Protein chains: 2
Amino acid sequence: MDNRGMRISARADYAVRAALELAAAGDEASLKAEAIAAAQGIPHKFLEGILGDLRRGGLVISQRGGKGGYRLARPADSIAIADVIRVADGPLVSVRGVRPPELAYCGPAETLLPLWIAVRANVRKILDEVTLAHVAAAELPDEVLSLAEDPKAWTNP
Amino acid sequence: MDNRGMRISARADYAVRAALELAAAGDEASLKAEAIAAAQGIPHKFLEGILGDLRRGGLVISQRGGKGGYRLARPADSIAIADVIRVADGPLVSVRGVRPPELAYCGPAETLLPLWIAVRANVRKILDEVTLAHVAAAELPDEVLSLAEDPKAWTNP
DNA sequence: AGTTTCCCTATCGAATTACTAGGGAAATGT
DNA sequence: ACATTTCCCTAGTAATTCGATAGGGAAACT
């Protein structure tokens, strides 16, 4: 009964870190998959698959050949962290595999639905607002920063 | 690449719904596993395992025999939804299986750590505050309700 | 005793997760 | 033209997790 709960998968984590490397390199510059993999300690072939998702999702543009690599398709301040996660990993929050609005509860559990909706809204509030540019520049919006700076937020449970 | 993301497992969902049935029955009354399973449409034997977790976690008290069943160990307004989820399903939020404070990021990804912390804090803000009594009585705290009532919170992405 | 109900362990198939392998296709440099 | 680089695609795989089921033992009540 240990490591379950709401988890951010390795795939989502890797996708965001790769996108951050691209953001840090500048909107014009391009990086090779191998360079990103080395910089972030991500298995190279696994990362290639993830970068393919980001490309199909319209977040990055790729080019083959000697001078090839990947670059962001849009400015880093117009790509939210949530965009990257959704493209690489599907819907941000789900309950038993389905998105909250599709759930049917009965009896005393009826009010669970708005509760899950509220949880999802509070996750979105952060991940839809924070962009690659924010994180790459280490400058989170004030509301997010104040959440993260609360010492209680760092405690175990 | 479909149903991943941050998911609330069937186990966590079932655990909360079972606890809500107990809360609705009153702090003193007790219900049999079979009755809870029928009321909420949860596989009976699967639910028994979950109720075992809740008991070992100190959230419910069980009794065997003809007049047996389960009842809450504490008043419903002193048990947060987060308590139930943690006991049944482990830590609320994790990244790649580990809890955020244990993560090590480098380069432009360094600020990811406070970001995940902020996400977790925002999830906790809801699930630590809302109790079984709130949900069973269909009366969510105002801040939570206003999050859930925003029509944008119900949209797809 | 006999029934009821919780309690424990074991098992199961299907899905998911995190990777790995191998080769094909396009762009570039000489 | 040719070799090299780098992306691109499909398939596979070992380990784990998820959701569920089965069977029987132990305690409590009538």
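In what follows, chains carry the letters A, B, and so on, assigned in the order in which the sequence lines appear, proteins first and then strands, with residues in each chain numbered from 1. Just so we're clear, the structure is a prediction, and the values are computed from it rather than from any experiment.
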Review point. Does Arg11(B) put a side-chain nitrogen or oxygen below 4.0 Å from OP1 or OP2 of dC18(D)?
Key: no
Review point. To the nearest Å, how far apart are Ile50(A) CD1 and dC19(C) P?
Key: 9 Å
Exercise for review: Give the rounded distance in Å between these two atoms: CG of Asp13(A) and C1' of dT17(C).
Suggested key: 14 Å
Exercise for review: Can you tell me the distance, in whole Å, between the OH atom of Tyr14(B) and the P atom of dG19(D)?
Suggested key: 8 Å
Review point. Residues in salt bridge (charged side-chain N to carboxylate O under 4.0 Å, His left out) with Glu48(B), at least two apart?
Key: Lys45(B)
Point to revise | ring-ring contact (aromatic ring centres under 6.0 Å, His included) against Tyr70(B), all qualifying residues, sequence neighbours excluded | key: none
Check your understanding: Take atom CD in Glu102(A); do more than 12 heavy atoms of anything else shown fall under 6.0 Å from it?
Key -> yes
Study note, to complete from the structure: Arg7(B) CZ to dT16(C) P, in whole Å, measures 7 Å
Review point. For Ser62(B) and dT5(C), is the shortest distance between a side-chain N/O and OP1 or OP2 below 4.0 Å?
Key: no
Point to revise | Contacts of Ala80(B) that satisfy side-chain contact (heavy atoms from CB on, under 4.5 Å) - sequence neighbours left out | key: Asp83(B)
Study note, to complete from the structure: By side-chain contact (heavy atoms from CB on, under 4.5 Å), Ala109(B) pairs with (sequence neighbours left out) Arg17(A), Leu20(A), Gln40(A), Tyr105(B), Leu112(B)
Practice item. Can you sort out the partners of Thr131(B) under side chain to side chain donor-acceptor pair (under 3.5 Å), two or more places apart, ordered by chain and number? Key: His134(B)
Review point. Which part of the nucleic acid, if any, lies within reach of Gly69(A) when heavy atoms closer than 4.0 Å are counted: base, sugar-phosphate only, or nothing?
Key: sugar-phosphate
Revision key, fill the gap. Arg56(A) CZ to dC8(D) P, in whole Å, measures 9 Å
Practice item. Write down the distance between CD1 (Ile8(B)) and P (dT17(D)), rounded to a whole number of angstrom. Key: 20 Å
Review point. Who passes salt bridge (charged side-chain N to carboxylate O under 4.0 Å, His left out) against Arg64(A), sequence neighbours left out?
Key: none
Review point. How long is the line joining CZ of Arg71(A) and P of dA27(C), in whole Å?
Key: 14 Å
Review point. Quick one, which residues of residues 18-39 of chain A touch DNA chain D with a heavy atom under 4.0 Å?
Key: Lys32(A), Ala33(A)
Practice item. Starting at the 5' end of nucleotides 21-30 of chain D, put B wherever the base has a protein heavy atom under 4.0 Å, S where only the sugar-phosphate does, and a dash everywhere else. Key: BBBBBBBBSS
Review point. Applying side-chain hydrogen bond (donor to acceptor under 3.5 Å, both in side chains), which residue pairs with at least one partner in residues 145-154 of chain A are found, sequence neighbours left out?
Key: none
Check your understanding: From the list dC7(D), dC9(D), dC7(C), which nucleotide is the closest neighbour of the side chain of Arg55(B)?
Key -> dC7(C)
Study note, to complete from the structure: note: Leu54(B), atom CG; dC8(C), atom P; distance rounded to Å ~ 14 Å
Revision key, fill the gap. Residues passing the side chain to side chain donor-acceptor pair (under 3.5 Å) test with Arg74(B), sequence neighbours excluded, are none
Point to revise | Results of salt bridge (charged side-chain N to carboxylate O under 4.0 Å, His left out) for Asp27(B) - residues two or more places apart only | key: none
Which atom pairs link the protein and nucleotides 11-16 of chain D when you take only N or O atoms and keep those under 3.5 Å?
none

Point to revise | Shortest non-hydrogen contact from Arg120(A) toward Pro100(A) | key: NH1-CD, 4.1 Å
Revision key, fill the gap. Of all heavy-atom pairs linking Ile126(B) and Ala118(A), the shortest is CD1-O, 3.3 Å
